[in-house]
2 protein chains.
Amino acid sequence: MTVAGEDTARRELLRYVERFALVLREAGMAPMPARVLAYALADDADRYTAADLAEGLQVSPAAISGAVRQLVQWGLLAREREPGTRSDLYVLDDQDLWSRFIGAELSTLDRFIETVAAGIDVVGLDRPGGRRLAETRNFLAFLREQLADAVRRWPAERDRRATDR
Amino acid sequence: MTVAGEDTARRELLRYVERFALVLREAGMAPMPARVLAYALADDADRYTAADLAEGLQVSPAAISGAVRQLVQWGLLAREREPGTRSDLYVLDDQDLWSRFIGAELSTLDRFIETVAAGIDVVGLDRPGGRRLAETRNFLAFLREQLADAVRRWPAERDRRATDR
DNA sequence: CAGAACCTTCACATATTTGTGAAGTGTGTT
DNA sequence: AACACACTTCACAAATATGTGAAGGTTCTG
């Protein structure tokens, strides 16, 4: 492949990264974390330095700094440090990545459920609003169970699907 | 209860609505739709005119207009019109509300899955990034199945839980 | 121990989002 | 037909979020 071809593929990758990031943003993620996650997923390396990410995405190191902090906190990236080197390495744990992602969503869901439960106390179960909130809490609790269950079953399910074909 | 007591309860309700709306916003909802949904859920009426919502939330009718449009589009509010009256009524369908909510999430998830699948074509299955995207698509597809299943089972599950106690 | 490389923090300019008031549109009433 | 009411659309001001460059730490190298 020529150098020009490499550049074209690169530009195409970046265009795709923006597209992917847009979907993540619509799901509530901030722009820069979305870009970094999309880029780290779609590009070929399985570990990136902050400089890799900054250069690859054509953004400043400062922007990377904030983005990876979020992603690490959510468990989507792991920060590693090779002994005898000066740069952090950000690693995509592709085995557990999406289980972690949903794990983070479960925490959000927990806050959600707590907040709804608090509302039941504020409004009171004797009023229509309170009964609606109670129903909401029950549904969300059920959903949480089901989600947690699905995440738990995924590794086995993946293996099953892989051997099936 | 005195008039002053009513006012206090009202203020407390509004404070709670803001708190609830904040959680919805963190989940990606815009502020005004979040407030309207929280208010409609927690207050006692089961149908509201736009004027009710504007006055109840202390915001302009213009803000309500945009918010209810979103909520109606997502299926969280139904717009009704009593014959012989000039105002639209917004109704919370509390039976199906959260099934609808998740239904909307499923659409988001579908776009997500499509976008990831498109990325596999861009990157190619012969590269690590492509394989990660494929794995992502598989997980999301599985998750989608499980979510749809959970939503489908909720009505029966709710009845079962209600009769159990 | 000085220097360099890397990352983070901070202040700021820019872009985006938000909600308002005012004007506009449509519908039913008198 | 004219009016009144309810809702929507639009332009704008304020608030918020975003990403950059520069300055500041920290950790490894020579």
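All values reported here derive from a predicted model rather than from experimental measurement. Naming: A, B, ... by sequence-line order, numbering from 1 per chain. Note that these values count all heavy atoms, side chains included, but never hydrogens, waters or copies made by symmetry.
One N or O on the side chain of B:Arg132 and one on the backbone of A:Ala40 form a donor-acceptor pair closer than 3.5 Å. Side chain of B:Asp52 to main chain of B:Thr49: a donor-acceptor pair is present (N/O by atom type, distance under 3.5 Å, no hydrogens or angles).
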TODO: Produce a footprint string for nucleotides 14-23 of chain C: one letter per nucleotide, 5' end first; B if the base is under 4.0 Å from any protein heavy atom, S if only the sugar-phosphate is, - if neither.
DONE: ----SSBB--

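The interatomic distance linking A:Leu57 (CG) with D:dT18 (C1') rounds to 15 Å, in whole Å. C:dC6 atom P lies 20 Å from atom CZ of A:Arg69, rounded to whole Å. Distance CG (A:Leu53) to C1' (C:dC6): 14 Å, rounded to an integer number of Å. Protein atom CG of A:Leu71 is 15 Å distant from nucleotide atom P of C:dC7, rounded to whole Å. Distance, A:Leu22 CG to D:dT18 P: 14 Å, rounded to whole Å. As a whole-Å value, the separation of B:Asp52 CG from D:dA6 P is 11 Å. Note: CD (B:Glu82) to C1' (C:dG28) measures 15 Å, nearest angstrom. Atoms OH (A:Tyr90) and C1' (C:dC6) sit 10 Å apart, rounded to a whole Å.
Counting heavy atoms from C-beta on, the side chains of A:Tyr48 and A:Leu89 never come closer than 4.5 Å. For the pair A:Glu135/B:Arg158, a side-chain contact is recorded, criterion being any heavy-atom separation below 4.5 Å from C-beta on.
Comment: A:Arg10 engages A:Asp43 in a salt bridge, judged by a side-chain N to carboxylate O separation of less than 4.0 angstrom. Under 4.0 Å is where a charged nitrogen must lie from a carboxylate oxygen, and between B:Arg160 and B:Glu157 at least one such pair does.
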Pull out every protein N or O sitting under 3.5 Å from an N or O of nucleotides 26-30 of chain D, one pair per line with the distance.
{"unit_1": "D:dT29", "atom_1": "OP1", "unit_2": "A:Gly84", "atom_2": "O", "d": "3.1"}

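The 12-atom threshold is not exceeded at CZ of B:Arg15, counting heavy atoms of other residues, nucleotides or ligands nearer than 6.0 Å.
Using a 4.5 Å cut-off between side-chain heavy atoms of Ile, Leu, Val, Met, Phe, Trp and Tyr, with links allowed through other members, A:Tyr39 and A:Leu22 fall into different hydrophobic clusters.
Residue A:Met29 comes nearest to A:Leu37 through the heavy atom pair CE-CD2, 4.1 Å, listed as atom of the first residue, atom of the second, then distance.
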